[in-house]
Amino acid sequence: MTDYISQLNPRQREAVLYGDGPLLIFAGAGSGKTRVLTYRVARLIQEGVDPYHIIAITFTNKAAREMRERISAITPFGDQVWVSTFHSACTRILRRDITALGYKSGFSIYDAQDSERLLKLCIREENLDDKNYPPAGIANTISAQKNRLIGPEEFESAAGSDFRLGNIANIYTRYRQKLKDNNALDFDDIIMLTVKLFTENEDIRNRYQQRFRYVLVDEYQDTNHAQYMLVSLLAGHFKNLCVVGDDDQSIYGWRGADIENILRFTADYPNAKTITLDQNYRSTQTILDAANLVISGNQHRAPKSLWTDNDQGVPIRVYYARDERDEGLFVTQAIKYACDRGAKYNDFAVLYRGNAQSRAVEEQLILAGIPYRLFGGVRFYERMEVKDILAYLKAIDNPADDLACRRIINVPRRGIGDTTITRIANFAAERGISFTAALAEDIPGITKKTREKLAEFSVFLSDWTKLAETAPPFDLLRQILADTQYLESLNDGTPEAQTRIDNVQELLTKAKEFETQAQDTSLTNFLNEVGLVADIDNYQEGAQAVSLMTLHSAKGLEFNRVFIVGMEEYTFPSARSVLSETPKEIEEERRLCYVGFTRARQRLYLSHATMRMRNGQRMLCAPSRFLKEVPTEYMEPVNAHGRPKSVVRSRARDNVPSSVIKKARTGPAPFLRDMHTPIMPAYKAKPTPLIGKSILEPTSVATSVADDCPFAIGDMVRDPRFGRGVVIAISANGADHELTIDFPNIGRKKRLAKLFKIMKVGAD
DNA sequence: TTTGCACGGGTTTTT
DNA sequence: CCCGTGCAAA
């Protein structure tokens, strides 16, 4: 038990042994953070703290599970410690105490999709157009408010006389009311309401403060304001708060995470102890140096630099692909090459900025017969068929859940259409009863035939509800499937039919598993479990497959060899962040890059493509600025097999005197310079006459101004606002290029070339 | 009420 | 390109 202490380095040991009071641990990537956290918990128990008084909070279920296992492995009674995510901890608290807020304990949990549906109904009821008030955007706005603990009232007064914001405030009000009527909570409510519970009820707050005398929080840099408040409240009495994090790995700013939370910890708790773990045990010297250099480009950060005793390792391999297909091919070939020489498939991860990028890589992997696991994208519990079945369970578990009931009332088809549903909803609203309750009523305007169908459905529903009282979720599910013929209805001859059926079967399997594993086998608890899982929670290290995931999902994981694909401006950093031109957004992208680099133990491969399909249009791409922030000496250009490209390498080495290579630390890598100009003249200017309109002849030829401009005079381009047009002039406008484009139906417009929305159109 | 088709608009990251 | 939406026809 005490033996493990000797394996720690002095800083780690200090963090584990430090006594009561606030403690901030800055833990760089790969610095043994989880180990310190688990040992600290073990240490507390060893010193006589009752495990009952300890709570450790993580962001993912996977992290929680891992920590729970590790604590249990080294400490007796370790399994009594609450180790859970913010969301599941709060759900547990709310199930017990939410009645104090006027909700019922059997609440449903709505995921992003559900909330958006509900929001859509709200927007319609406010008589607003969902073109001007796109549900997704409104959802973001409302979510941002909730993350900052701002309710509709406060939001409305902040909106002042702003018409649009006023409308959004109304939507927000209605949305909150509807959630409450449905006895449902969205993801943000789970946190926000727990905070509310604690602020408004002193006795409840005291109870939890007394219970959780030791609070540990992982990934503290990713907490948003609501989570910050929650932690402050929980630890408010004993102040035995230990937070672990790394400001350089804060990548959830867009979701409301506030990097300031960790940066001002010592201001919040003036007697806090700060310990920095900066020895990296994971990566090679080369990878770490590159990561350090990239992240040092950020202004707003606590200055620090990771170091390691590990070997120098091999240079970072950079591949310059023709397009995304070629890039996928490179990944595949390099994996194959390495696996022929002893590497294993599970050594590899392919990371990318956006889920859409996975496809090109997948295609090549499939072609080559390399097994892979894909994380993210459409998650299991977000699949249409899975959500349908879960909606049945939700409707049974929580009769107030109108949204769930509306979802399934005509799935599979029962001949109950939109008009009927609206009639029921209106009727229910008038009478102030739930949608489900209204089913059994005599509703004016509904034909006899439809009424029979409704009655039939209603009988089923009450039968199931009865069954649910005694039978476990698995049996209930089977009954529902038998009664509704749902599986049969999936078999519609589409290519996805079998997958869908498999998914439902998979859900049955999960239900069976749940039945044997969970202590509380109630339907509510089942829905709880499935509602709060993320894809990454299912990651298993042993599986012999290549992992594909976004950079975001990769946080907290490590691999022997990591590919980061799509290292291009407008892809990574994302178009959004580049166009926003706010340093804050670019800095977050840079942190993401840092996270990506530091996932790799031994080898890092970076690739970028000259052109890429975007919205069905080919686009030219420039190499990512992050590539240029890594000095040449750390990089090595490779060919499509992932082998060093001798020609380019020798050129880079021969042409550039060593003094310049040293200097290149600050400038772009010499061989990257060539990459600005696409090698493939796929978009040679081809002035094509437009129909029914004469175009100014491009009399003058492009001058040198436009050397690195991706457009040339005569190019046919497409602008989302004005449609097709032809470039008739290019001029410099500061550092940018200004295009003069002749749009046949609009006339001439000047636009900046950097607005990526202008795209070349192939002359087909 | 359902189905099929044409159209337009969007598109990061996720507990 | 892929999706959801709106509309017309059965």
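Residue numbers start from 1 in every chain, and the chains themselves are labelled A, B, ... in the order their sequence lines are given, proteins ahead of strands.
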Report yes if at least one side-chain N or O of [X] is closer than 4.0 Å to OP1 or OP2 of [N]; otherwise report no.
X: A/Ser574; N: B/dT13; value: no
X: A/Asn147; N: B/dT15; value: no
X: A/Ser553; N: B/dT13; value: no
X: A/Arg359; N: C/dC2; value: yes
X: A/Lys120; N: C/dT5; value: yes
X: A/Asn355; N: B/dT13; value: yes

Once you round it to whole Å, what is the distance between [atom2] of [N] and [atom1] of [X]?
X: A/Ile123; N: C/dT5; atom1: CD1; atom2: P; value: 12 Å
X: A/Asn140; N: B/dG10; atom1: CG; atom2: P; value: 15 Å
X: A/His87; N: B/dT14; atom1: NE2; atom2: C1'; value: 9 Å
X: A/Tyr570; N: B/dT13; atom1: OH; atom2: P; value: 19 Å
X: A/Gln113; N: B/dT14; atom1: CD; atom2: C1'; value: 13 Å
X: A/Leu557; N: B/dT13; atom1: CG; atom2: P; value: 17 Å
X: A/Asp186; N: B/dT14; atom1: CG; atom2: P; value: 18 Å
X: A/Arg576; N: B/dG10; atom1: CZ; atom2: C1'; value: 12 Å

Taking the inter-plane angle between the rings of A/Trp254 and A/Tyr252 on a 0 to 90° scale, is it parallel (under 30°), tilted (30 to 60°) or perpendicular (over 60°)?
tilted

Minimum side-chain heavy-atom gap A/Pro135-A/Ile123 below 4.5 Å
yes

Mind checking whether A/Leu606 and A/Phe626 have side chains closer than 4.5 Å, heavy atoms only?
no

Verify whether one side chain among A/Glu362 and A/Gln364 offers a donor that lies under 3.5 Å from an acceptor in the other.
no

When rounded to the nearest 0.5 angstrom, what is the spacing between CZ in A/Phe212 and CH2 in A/Trp82?
4.5 Å

When you match A/Phe59 and A/Glu589 each to their closest nucleotide on DNA chain B, which lands nearer the 5' end?
A/Glu589

Using the P atom as the point on both nucleotides, what is the distance between B/dT13 and C/dG4, in whole Å?
16 Å

Stacked pair A/Tyr252-B/dT14, distance under 5.5 Å, angle under 30°
no

